[in-house]
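For ligands, and for the atoms within them, numbers begin at 1 and follow the listed sequence. Bear in mind the structure is a predicted one, so any value in this text is a computation, not a measurement.
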Amino acid sequence: MVASLKILHYKRLESTNTTAYRLALQSASEWTVVVADFQTKGRGRGRNKWESPKGGLWFSILLRPEVPTPKLPLLQFLAAVATRQALENETGLSVKLKWPNDLVLGHEKLGGILIESKTLGNTVSFAILGIGLNINQLKAQLPPGAISLRLVSGKQQDLRLLLRAILEQIISSYDDFNSSKIMEEWWRNCVHRPSRVQVTLPNHTVTGISRGVDKDGSLVIETDDRRIRKVNEGSLRILDD
Ligand code: BT5
């Protein structure tokens, strides 16, 4: 597939996802990419805020994937695998993945992925793939538990080069949307493979050993009573190394 990228660069936006969503409703073409130097209302999952000062890479890609709605969660894993690979190729650093949507360096959060979509029954009208990565921020500009590429590499990184490399990797992985290869690759690079974890869901927690990711993106956990549980949402904490 030959994707024609259209990169729209803004100095400041509330959220690149919001702008990309609006453009999608106005029939913007697939592979329109919205980038901002900083965001004033960056979002994470649910009500989570996303700190997005200048120095990070904050962007959203408009996609119109031809997959049935239940397959859409795979996009997040595809994007995580591709972004991880591009960052490792460009910097030589060992970037890992944490369920469900984190990129980590060591055990600290380097970035996250937020997908928002418009669907009609089984059909995906569009998906906004939002990616946020801490690149050149110094410690004082990062929330607790976060890390930037610069802090680990000691070097200022070229944001445009990194963005290009990530977009190219996502484009070349995009044809694999349906493939179980994505989940295998994701799990191979998972930081809790396998580890003792605790997943907090809206009304309860599940504790056990993370054993893998299912093809629908659920995390497979072996609980202390040796039962296999699958969770498809929640926040994960690693309990040991
Ligand atoms: C995410 O949410 O990890 C998805 C973040 C997606 C951000 C991108 S930037 C471009 C696009 N436009 C947007 O508005 N969003 C997307 P979640 O798993 O819910 O994690 C959010 C939590 O991470 C927060 O509650 C904080 O604890 C923490 N956090 C906030 N800002 C952070 C940062 N810059 N680096 C690391 N952790 C952060």
Could you tell me whether the side chain of [Y] reaches within less than 4.5 Å of the side chain of [X], counting heavy atoms only?
| X | Y | value |
| --- | --- | --- |
| Val191 | Leu97 | no |
| Ile166 | Phe59 | yes |
| His9 | Asp37 | yes |
| Leu103 | Thr83 | yes |

Tell me the nearest of Lys49, Arg45, Lys109, Glu51 to atom 20 (O) of ligand 1, using heavy-atom distances. Lys109
Just to be sure I'm reading this right: ignoring hydrogens, which of Asn134, Leu103, Asn101, Asn48 gets closest to atom 1 (C) of ligand 1? Compare them by their nearest heavy atoms.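 Nearest option to atom 1 (C) of ligand 1, by heavy atoms: Asn101.
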Answer yes or no for Ser52: is there a heavy-atom contact with ligand 1 below 4.0 Å?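 Under 4.0 Å: no for Ser52.
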Close approach of Glu14 to ligand 1, heavy atoms, under 4.0 angstrom: no
Suppose I only count heavy atoms of [X] and a 4.0 Å limit; which atoms of ligand 1 are within that range?
| X | result |
| --- | --- |
| Ser15 | 12 (N), 13 (C), 14 (O) |
| Ile113 | 4 (C) |
| Gly42 | 14 (O) |
| Ala146 | 35 (N), 36 (C) |
| Thr16 | 10 (C), 11 (C), 12 (N) |
| Arg43 | 5 (C), 6 (C), 7 (C), 13 (C), 14 (O), 15 (N), 16 (C) |
| Phe59 | 10 (C) |

Could you check whether [X] pairs with [Y] (Lys NZ or Arg NE/NH1/NH2 to Asp/Glu carboxylate O, under 4.0 Å)?
| X | Y | answer |
| --- | --- | --- |
| Arg84 | Glu88 | yes |
| Arg43 | Glu116 | yes |
| Glu222 | Arg211 | yes |
| Glu185 | Arg188 | yes |

Would you please test Gln157 and Ser153 for side-chain hydrogen bond (donor to acceptor under 3.5 Å, both in side chains) and show each step? CA-CA 9 Å; Gln157 305 285 336; Ser153 68; 3.0 Å; yes
Which heavy atom of the protein is the closest neighbour of atom 38 (C) of ligand 1, given with residue, atom name and distance?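 Nearest neighbour among protein heavy atoms for atom 38 (C) of ligand 1, to 0.1 Å: Trp50 CZ3, 3.4 Å.
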Give me the nearest non-hydrogen protein atom to atom 8 (C) of ligand 1 as residue plus atom name, then the distance to 0.1 Å.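 Minimum-distance protein heavy atom for atom 8 (C) of ligand 1 reads Gly132 N, 3.6 Å.
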Just how far is it from atom CD1 of Ile238 to atom NZ of Lys98, taken to the nearest 0.5 Å?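 Here the interatomic distance stands at 6.0 Å.
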Region of Gln39 engaging ligand 1 - heavy atom pairs below 4.0 Å: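 Contact part for Gln39 vs ligand 1: side chain (C-beta onward).
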Strictly less than 4.0 Å: does any protein heavy-atom distance to atom 27 (O) of ligand 1 fall in that range?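 For atom 27 (O) of ligand 1 the answer is no, since every protein heavy atom stays at 4.0 Å or beyond.
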